[in-house]
Every structure is written in C-alpha cells, then in structure tokens.
Amino acid sequence: MAQITVQRTTLAMEWSAQAAHRSAHVKDWHVDGEVAGWSRSGGGLTFATVYGAGHLVPFDQPSHTLHMANRWLAGEAL
C-alpha cells in the first residue's frame with residue numbers, strides 16, 4: 001500500500017522533468033539473474049521497488065539493497 005502511495009506522489013510531482021519521468025517505461029531490475037524489483041527512471045529520478053521487502057529494506061533484502069546502493073553510487077541505472 002505504501003509503495004502505491006509513494007509511486008503516485010512521484011508521478012504527480014510538478015517539476016521540469018515530470019513528463020520524462022511519467023513517460024518512462026517500468027522495467028525489472030535483477031540481482032544475480034533473479035528479478036529483485038522494478039523501477040521507473042526518467043528526468044533524473046528513479047523510483048524503485050524491492051520485492052520481498054517492507055519498510056526495513058536493508059533488513060528484509062540485504063543483498064538487493066547493497067546491489068541497488070552500489071549501482072547508485074557508481075552512477076549506473078538499475
């Protein structure tokens with residue numbers, strides 16, 4: 001439920017790249033060949049989910065969280 005609310009908020013935000021973000025395709029992202037979640041990237045903003053995780057993502061899915069953070073720090077897309 002929280003994911004849907006946050007996603008709606010990111011899609012509704014008024015900003016200079018709103019159209020680019022809203023029109024970006026949703027795609028799966030993977031860790032070790034396994035689907036870890038999905039993401040939407042556009043206009044310099046990425047919204048990502050992590051399957052099997054609640055509010056404590058690093059506790060629920062530590063390897064997926066590390067993978068996502070490392071990619072972000074390296075400037076790589078999910």
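One-based numbering along the sequence shown.
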Listed by chain and number, what are the side-chain contact (heavy atoms from CB on, under 4.5 Å) partners of Val57, not counting sequence neighbours?
->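 Per chain and number, Val57 pairs via side-chain contact (heavy atoms from CB on, under 4.5 Å) with Val50, Ala53, Thr65.
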Applying side-chain contact (heavy atoms from CB on, under 4.5 Å), name anything that partners Glu34, two or more places apart in sequence or on another chain.
->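 Here the qualifying residues are His64.
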Shared hydrophobic cluster, Trp72 / Phe47 (ILVMFWY, side-chain heavy atoms < 4.5 Å) |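 Result: no, two separate clusters.
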Do [X] and [Y] come within less than 4.5 Å of each other through their side chains, counting heavy atoms only?
| X | Y | answer |
| --- | --- | --- |
| Gln61 | Tyr51 | no |
| Met13 | Leu45 | yes |
| Thr46 | Arg40 | no |

Which value, rounded to the nearest 0.5 Å, describes the distance between [X] atom [atom1] and [Y] atom [atom2]?
| X | Y | atom1 | atom2 | answer |
| --- | --- | --- | --- | --- |
| Asp28 | Trp38 | CG | CH2 | 10.5 Å |
| His21 | Thr10 | NE2 | OG1 | 4.0 Å |
| Ser63 | Met68 | OG | CE | 11.0 Å |
| Asp32 | His67 | CG | NE2 | 8.0 Å |
| Asp60 | His55 | CG | NE2 | 10.5 Å |

State, to 0.1 Å, how close Ala20 and Gly43 come at their nearest heavy-atom pair, and which atoms those are.
->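 Looking at all heavy atoms of both residues, the shortest contact is CB-N, 3.9 Å.
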Check Trp29 against Ala48 and note the closest heavy-atom contact, atom names and distance.
->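 In terms of heavy atoms, the two residues are closest at NE1-CB, 4.4 Å.
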Any donor-acceptor pair under 3.5 Å linking the side chain of Lys27 with the backbone of Ser41?
->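 No; zero donor-acceptor contacts below 3.5 Å.
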